[in-house]
Amino acid sequence: MQPEVIYESEDLVVINKPAGMLTHKTPTSNERTLVDFILEKYPEIKGVGEDTNRPGIVHRLDRDTSGLIVVAKTQGAYKKLKQLFHDRKIEKSYWALVWGIIKENNGIIEKEIKTIAGKKYTKEQFSQKESGKSRPAVTYWETKKRFNDTTFLSVSPKTGRTHQIRVHLASIGHPIVCDKLYAGKKECPDALGRMFLHSYFLKIPLNQGTVLEFEIELPGELKKFLESVKIAKQ
């Protein structure tokens with residue numbers, strides 16, 4: 001699938017990224033990325049930002065996460081968006097299907113996250129003897145539907161740590177369905193075949209009270225899988 005441009009202006013572009021596509025190149029991969037798509041469509045973005053490998057990128061989505069991502073088209077917009085993310089003024093929400101039945105209707109996960117041997121852990125999961133700095137992270141979640149052995153959530157991270165939603169949900173015993181890195185021995189259903197995490201909502205406050213707000217549906221493969229699951233409870 002190709003990325004879809006949801007909105008564009010002189011300063012920024014909002015894109016619906018498909019699952020399976022990296023946001024930008026990594027040291028171990030040379031495959032086509034979202035940045036490649038962006039530069040083909042908007043070559044003027046090439047010099048925007050602080051890293052030539054990530055022009056215009058102010059936040060990212062994991063390879064297997066689909067949905068909304070905003071990209072700066074100018075240096076001024078890059079600095080503005082970066083500051084808004086730093087000040088936690090940009091709102092993001094994701095749909096996630098997790099293993100297990102969550103009884104509560106909503107909650108907050110406040111657990112520090114750190115990296116050990118390339119994998120993320122919450123403070124409760126790693127030994128205090130492990131080297132490296134942990135960083136605070138906050139995630140809000142709300143239960144939308146309960147199924148036989150899974151729960152459908154709306155999740156809103158208030159900080160922007162790498163793998164934050166995945167690590168936080170796994171840390172409370174409810175990893176995302178088909179998360180190969182954090183779901184442990186849980187098998188990925190053949191009918192799904194990808195991680196059930198989708199960035200569906202984005203709210204960006206701009207200058208002079210202007211607010212950009214975007215919301216998109218689940219992609220077809222996630223919607224189809226969700227509809228195939230028998231509902232045990234509402």
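Basis for what follows: all heavy atoms, side chains included, without hydrogens, waters or symmetry-related copies.
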Below 4.5 Å, heavy atoms only, C-beta onward: do Y182 and H163 meet side chain to side chain? yes
Would you say that P175 contacts V98 through its side chain, given a criterion of any heavy-atom pair below 4.5 Å between the two side chains? no
Distance-only donor-acceptor check, side chains T159 and Q164, under 3.5 Å: yes
Kindly give the heavy-atom pair with the smallest separation between P157 and K92, and that separation in Å. CD-O, 3.6 Å
If you compare all heavy atoms of E8 against all heavy atoms of V5, which two are closest, and at what distance to 0.1 Å? OE2-CG1, 4.2 Å
In the structure I gave you, are the side-chain heavy atoms of I69 and L34 within less than 4.5 Å of one another anywhere? yes
I6 versus I15: any side-chain heavy-atom pair under 4.5 Å? no
State, yes or no, whether a side-chain contact exists between R135 and K114 at a heavy-atom distance under 4.5 Å. no
Tell me whether R60 at atom CZ has more than 12 heavy atoms from other residues, nucleotides or ligands lying less than 6.0 Å away. yes
In the hydrophobic cluster built from side-chain contacts under 4.5 Å, what are the other members alongside V138? I108, Y140
Nearest 0.5 Å please: distance from the CH2 atom of W99 over to the CD atom of E187. 8.5 Å
Below 4.5 Å, heavy atoms only, C-beta onward: do M21 and P3 meet side chain to side chain? yes
Using the ring-ring contact (aromatic ring centres under 6.0 Å, His included) definition, which of the options W95, F147, Y94 pairs with F152? W95
Inter-residue atom distance D190.CG - C178.SG, 0.5 Å rounding: 9.0 Å
So, using salt bridge (charged side-chain N to carboxylate O under 4.0 Å, His left out) as the criterion, who are the partners of E4 when residues are at least two apart? none
Minimal non-hydrogen separation, S171 against K111, with atom names: OG-NZ, 3.3 Å
Once you round to the nearest 0.5 Å, how far does CG of L12 lie from OH of Y78? 14.5 Å
Spacing of T150 atom OG1 and R146 atom CZ [to the nearest 0.5 Å]: 11.5 Å
Side chain to side chain contact (heavy atoms under 4.5 Å, CB included) between I113 and T162: does it pass, once the steps are laid out? CA-CA 9 Å; I113 294 175; T162 300; over 6 Å; no
Between the side chain of T151 and the main-chain N/O of K145, is any donor-acceptor distance below 3.5 Å? no
Just so I know, are the side chains of L84 and P205 near enough to count as touching, which here means a heavy-atom distance under 4.5 Å? yes
Take V211 and L206, measure what side chain to side chain contact (heavy atoms under 4.5 Å, CB included) needs, and give me the verdict at the end. CA-CA 6 Å; V211 177; L206 297 177; over 6 Å; no
Identify the heavy atoms of L39 and P55 that sit nearest to each other, and give their distance. CD2-CG, 4.0 Å
Going by an N to O cut-off under 4.0 Å, is there a salt bridge joining K144 and E142? yes
Using 0.5 Å steps for rounding, measure from the OG1 atom of T74 to the NZ atom of K79. 10.0 Å
Ignoring hydrogens and angles, write down the donor-acceptor pairs under 3.5 Å from the side chains of residues 192-203, residues two or more places apart or on other chains.
unit_1, atom_1, unit_2, atom_2, d
R194, NH1, S66, OG, 3.3
R194, NH1, E221, OE2, 2.8
R194, NH2, D64, O, 3.4
R194, NH2, S66, OG, 3.1
R194, NH2, L197, O, 3.1
H198, ND1, S66, OG, 2.7
H198, NE2, E217, O, 3.0
S199, OG, L68, O, 3.2
Y200, OH, S154, OG, 2.8

Spell out, as yes or no, whether a donor-acceptor pair under 3.5 Å connects the side chain of R161 to the backbone of P136. yes
Do side-chain atoms of D179 reach the backbone of I176 as a donor and acceptor pair under 3.5 angstrom? no
Report the C-alpha distance between K158 and E110 in whole Å, list the side-chain angles of each, state the deciding distance to 0.1 Å, and finish with yes or no for salt bridge (Lys or Arg N to Asp or Glu O under 4.0 Å). CA-CA 10 Å; K158 298 306 175 185; E110 296 184 78; over 6 Å; no
Evaluate the criterion side chain to side chain contact (heavy atoms under 4.5 Å, CB included) for residue pair V70 and L81; output intermediate values, then yes/no. CA-CA 9 Å; V70 59; L81 290 170; 4.0 Å; yes
Applying side-chain hydrogen bond (donor to acceptor under 3.5 Å, both in side chains) as the test, list every pair that has at least one member in residues 11-24; sequence neighbours left out. none
Does any pair with a residue in residues 33-72 pass ring pair (Phe, Tyr, Trp, His ring centres under 6.0 Å), and if so which ones, sequence neighbours excluded? H59-F85
Using the salt bridge (charged side-chain N to carboxylate O under 4.0 Å, His left out) criterion, which residues pair with E40? Sequence neighbours excluded. R32
More than 12 foreign heavy atoms under 6.0 Å from CD of Q2: is that the case here? yes
So if you build clusters from Ile, Leu, Val, Met, Phe, Trp, Tyr with side-chain heavy-atom gaps below 4.5 Å, do L22 and I165 land together? no
Would you indicate whether the side-chain heavy atoms of R166 and D62 approach each other to under 4.5 Å? yes
Any donor-acceptor N/O pair, D51 side chain to N53 backbone, under 3.5 Å: yes
Could you go step by step and tell me if L226 and L218 meet the side chain to side chain contact (heavy atoms under 4.5 Å, CB included) rule? CA-CA 10 Å; L226 200 62; L218 280 170; 4.0 Å; yes
Find the distance between CG (D87) and NZ (K82) and round it off to the nearest 0.5 Å. 12.5 Å
Is the shortest distance from a Lys or Arg side-chain nitrogen in R63 or E31 to a carboxylate oxygen in the other one below 4.0 Å? yes
